[in-house]
2 protein chains.
Amino acid sequence: MKKSEINSSEIARLAGVSRSTVSRVINNYSNVPAETRDKVLKVIEKYNYFPNASAQVLAGKRARTIGLFLIDQGNVSSDILTNMLIVSVIEHASVLDYYVLTHIIRNAKDTEVIRNVREIFYQRRIDGGIFIGAANREPFIEQLIDEGFVVGVVDQELPDHPEPNRIVSNFNNDSGMKQAVAYLAGLGHSRIGVVNGDMNRLSGQTKYEGFKTAMRMCGLQVNPKWVMDGDFHETSGYNAIQTLLGIESELPTAIVAANDSVAFGAIRAIKEHGLLVPDDISIIGFDDHALSEKHHPPLTTIRVDFSAMLKRMTTYLIEKIEQKTLTVKEITLDCSLVVRESCRRI
Amino acid sequence: MKKSEINSSEIARLAGVSRSTVSRVINNYSNVPAETRDKVLKVIEKYNYFPNASAQVLAGKRARTIGLFLIDQGNVSSDILTNMLIVSVIEHASVLDYYVLTHIIRNAKDTEVIRNVREIFYQRRIDGGIFIGAANREPFIEQLIDEGFVVGVVDQELPDHPEPNRIVSNFNNDSGMKQAVAYLAGLGHSRIGVVNGDMNRLSGQTKYEGFKTAMRMCGLQVNPKWVMDGDFHETSGYNAIQTLLGIESELPTAIVAANDSVAFGAIRAIKEHGLLVPDDISIIGFDDHALSEKHHPPLTTIRVDFSAMLKRMTTYLIEKIEQKTLTVKEITLDCSLVVRESCRRI
DNA sequence: CTGAAAGCGCTTACAG
DNA sequence: CTGAAAGCGCTTACAG
C-alpha cells in the first residue's frame, strides 16, 4: 500500500557497497566486477528499485523525453492523420528508450501559448522537440533553435546556413504535383484548377509552385479563376468549390487539391451541385489519407508516407540529442501517384 | 546560440535578494511584499528564467505530468477513436497545467513491457496514470494501485472496497444494450444475434450481459448460434459474419455489434455475400464512431461520449493527485440511441 | 576496483 | 519579511 521509497543509499546499504557503486552498476560502467555487479543487481531487482528520474536529470543525465508539438487550430482530434503522426513518434521514440510529451498548440500566435511551449524547453522537461503543422519559419520556433535547443520541424524550409541543432523534413511536393498534373494531362485534361493549401506553410507554397511549374511543362495555361484558396482542411475545399460553382460559368474539367481533406470537401460541394466525380469534374488529392481508399469515389491521390517520415525524424532528433548523427539536417521523402477512381479520361 | 543556463542563484543575485525569496516569488508565497515581488519578477522576465523542473520535483514538488497508457495490440494508429482519447486527455490536462506522457502498450502480458510501465511510475516521471484498453482487473495495474500510485482505469470494475487512489470510468453499457434491443424489438425483430467484444474487458462482459437481460425483458430467445465472438476490432466483426453466413442456414434478422468497428466489419461481410443492410439484415452498433454517420448505410448505433469521459477522468485524476476530490471513485456516463439507416422495420 | 565528497537547482522549515 | 542551511536522490571526477 505504501509507495516505494527506496533509494540508492538503501540499495547500497543492502548490497554492502557504496552509492557510487550502485550508480556504476545502473549506468553500466565497465569497471565493476561481475560479482559486485550481480550482487547489486540482485538487490535492485528484489526491492523493485528504479532510480528517480529527476535526480538523474539534475545530476546531468538526459531526460530521455522529447516534446511533440502539434499546431492545429482546428479539430486535431478528428483527424486520423494526426493520430498516425502521434503514434509514429511515440513508438519510434520508445524503441530508443525515450518518452514523448505531447502538446497541442491551438494558436501559435498567442504569446501565452508560446510562453508555455518555451517553458517546457527551459524547464528541461524535454531534450528536444518536434513541431508539426507550423508556419514556415515560425518565429518562436526559430528562437528556440537559436537558443540551442534540438528541434525538428516537419514541413519547413532549411536555411542557408543551418544550425547543427536543427532538422527539417519534407515530402517532395514538387515531384508530387508534377505527377498529379502529368497524370491529368495524360488523361486529356487541359482545363485544370487547383485548391491551394495554407500558404503560410511551406508545403502550401511548394505545392502551388509545383503545380504552376508542372502546368507550364505540360504546355498548359493556369487560369487564375481556377486557382482557389484553401487551408488544408475539408471545409476549405468545400467552400472553394461552392464559390467556384456559384460564380464561374466556365469550369475546369479537373481539380488538383492541396491534400485529400480538401479533395473530400471539394467532392462534397460538387455532389451538392448535382454534379458527379469524375464524370463532370475529376479530382486528385495529396497524402493518401486513410479514408481516401474508402471514399466515394475512391480518391486518386499522391501517396506520402507520414509514418516513415516521423520515424526518421524521431530517430534523427534523438541521435542529435545524443550527439550522434551530427550531419543530418534534412529529410526528404518521395511521393507517388495512386490511381483510383476520381479522375476520368476526356 | 547558447542554451540558457541561468538559475535561481543568478536571479537572486541580479535582483539583490536570496534564493529563498526567488523561490517564494515563483511559488506565490503570500509573505513577499509586492515591491520585492515585482523586482524579482522583473529579473525573471528579463532573463527568461524558468525553474528547472527536475530540481523542483526533487525538492518535493509534483512532476505535473500524468501518464496515458493505451493498450492495443492492433493498429492504434489507424483508429480515429484513439486519437480523440489522446487529444481529450492532453487538452484537459493542459487546462490544469499538467503534461501528458503517452505510452503505447502492445502486449500487456509481456513482462518486459510491464516493467517499462512500472518504471515510469517508479522513476517518478509521472504523478499518476490513466489506462485505456486494459483487461478487467489487469494484474499489473492492480499492483500499481496497491503500491499507492494514483491510477484511473477506463472500462473497469470498481472493487468492493476501493482504494482512495483508484478511479474507474465506464459507460452505462447495460442501458445501451437495452436501448439497442428495445429499438430492434420495436421494429418487429425477434431473431436477434450479437457479435461480442473482448470478453476480457469489462465492457465486453457488461454489453453481453445487458444484451441477454434485454432479450429476456423483451420476451425474446437468445439463439446460441447467433452469439458470436469478437474483440472490438473490425476484422472480428467481419470474421464472425463470414462464419455465420457460411455455416448457418437460419439467419437472424438483426445483429447487435459490440461496437461500431465490429459493425463495419459485419456489414462488409454481409455485402460480400450479396446481402443488403438493412434490407436483409439490420445492424446496430455501439459508440457512434466518427465514421458511423458517413458509413454506407449510415449506422444506427448507441452514442457514447468518450471525450467527455476522458475529460472527467483527467480532471478527477489530477484532483486526486492534488488530494482534492478524495471521494470520487467512479465515473459513469450514459449513452443513447442514434437512429440512422442500418436497421429496418420487419 | 571503490568510497567519500562535491554538485546538480530547487524548496522549505528554521531562526531571526 | 528574509536569509542561511539542510535536503531531495542521483552522478561523477578524484583519490587511493
Side-chain angles (χ1 to χ4, degrees), chain A residues 3-41 43-44 47-65 119-127 322, chain B residues 3-41 43-44 47-65 119-127 322:
Chain A
K3 288 188 191 179
S4 152
E5 292 176 18
I6 202 162
N7 57 23
S8 74
S9 307
E10 196 66 6
I11 297 293
R13 195 177 60 72
L14 290 162
V17 297
S18 69
R19 289 154 66 213
S20 314
T21 299
V22 172
S23 181
R24 287 192 191 99
V25 169
I26 287 167
N27 292 294
N28 269 312
Y29 276 47
S30 54
N31 57 355
V32 182
E35 203 185 339
T36 312
R37 200 185 148 65
D38 289 350
K39 186 173 58 178
V40 174
L41 281 179
V43 179
I44 288 178
Y47 289 88
N48 241 305
Y49 168 69
F50 293 95
N52 180 298
S54 296
Q56 288 185 306
V57 172
L58 195 57
K61 308 207 80 178
R62 295 198 184 84
R64 300 198 77 81
T65 306
E119 185 173 15
I120 297 173
F121 282 87
Y122 273 91
Q123 288 184 320
R124 299 280 154 193
R125 283 181 183 273
I126 55 177
D127 302 313
E322 298 184 342
Chain B
K3 289 188 192 181
S4 152
E5 295 177 15
I6 203 162
N7 57 23
S8 74
S9 306
E10 197 66 5
I11 296 292
R13 196 179 58 72
L14 291 161
V17 297
S18 69
R19 289 155 65 212
S20 314
T21 299
V22 172
S23 182
R24 287 191 192 98
V25 169
I26 287 168
N27 293 293
N28 267 312
Y29 277 46
S30 54
N31 57 356
V32 182
E35 204 184 338
T36 312
R37 200 185 149 66
D38 288 350
K39 186 172 60 180
V40 174
L41 281 179
V43 178
I44 287 178
Y47 289 88
N48 242 305
Y49 167 70
F50 293 95
N52 180 298
S54 296
Q56 288 185 306
V57 173
L58 195 56
K61 310 207 79 178
R62 295 198 183 84
R64 301 197 77 82
T65 305
E119 186 174 16
I120 296 173
F121 282 87
Y122 273 91
Q123 288 183 321
R124 299 277 153 193
R125 284 181 182 272
I126 55 177
D127 302 312
E322 298 184 342

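Note: hydrogens, waters and symmetry copies are ignored here, and every other heavy atom, side chains too, is used. Note on naming: letters A, B, ... go to the chains in the order of the sequence lines (proteins, then strands), and numbering restarts at 1 for each one. Because the structure is predicted, anything quoted here is derived from the model rather than measured.
At whole-Å resolution of the value, CG in A:Asn52 and C1' in D:dC10 are 8 Å apart. Taking atom CZ of A:Arg19 as the reference point, atom C1' of D:dA13 lies 15 Å away to the nearest angstrom. A:Lys39 places its NZ atom 11 Å from the C1' atom of C:dT2, with the value rounded to the nearest Å. Atom CG of B:Asn7 is separated from atom P of C:dG9 by 5 Å (rounded to the nearest Å). With rounding to whole Å, A:Arg62 atom CZ is found 11 Å from D:dT12 atom P. Spacing between atom CZ of B:Arg13 and atom C1' of C:dG9 amounts to 16 Å, rounded to whole angstrom units. Distance CD1 (A:Ile6) to C1' (D:dC10): 15 Å, rounded to an integer number of Å. Atoms CD (B:Gln123) and P (D:dT11) sit 11 Å apart, rounded to a whole Å.
Atom-to-atom distance recorded for B:Asn7:CG and B:Asn52:CG is 9.5 Å, nearest 0.5 angstrom. Atom CZ in B:Phe50 sits 10.0 Å away from atom CD1 in A:Ile120 (nearest 0.5 Å).
In DNA chain C, runs of at least 3 stacked Watson-Crick or G-U pairs (N1-N3 plus N6-O4 or O6-N4, or N1-O2 plus O6-N3, all under 3.5 Å) give these stems: C:1-3 with D:14-16, C:5-12 with D:5-12, C:14-16 with D:1-3.
Across D:dA5, D:dG7, C:dT2, the shortest atom-to-atom separation from the side chain of B:Ser20 is found for D:dA5. Comparing D:dT11, D:dG3, C:dC10 by their closest approach to the side chain of A:Gln56 singles out D:dT11.
The closest donor-acceptor contact from the side chain of B:Arg125 to the backbone of A:Ala63 lies under 3.5 Å.
Between B:Tyr49 and the phosphate of C:dC10, there is a side-chain N or O to OP1/OP2 separation shorter than 4.0 Å. Contact annotation: B:Ser8 does not reach the phosphate of C:dG9 (side-chain N/O to OP1 or OP2, under 4.0 Å).
No engagement by A:Ser54 is indicated, since no non-hydrogen atom pair under 4.0 Å with the nucleic acid exists.
For residues 8-35 of chain A, the salt bridge (Lys or Arg N to Asp or Glu O under 4.0 Å) pairs, not counting sequence neighbours, are A:Glu10-A:Arg13.
Using a 4.0 Å cutoff on non-hydrogen atoms, the parts of residues 23-33 of chain B near DNA chain D are B:Arg24, B:Asn31, B:Pro33, ordered by number.
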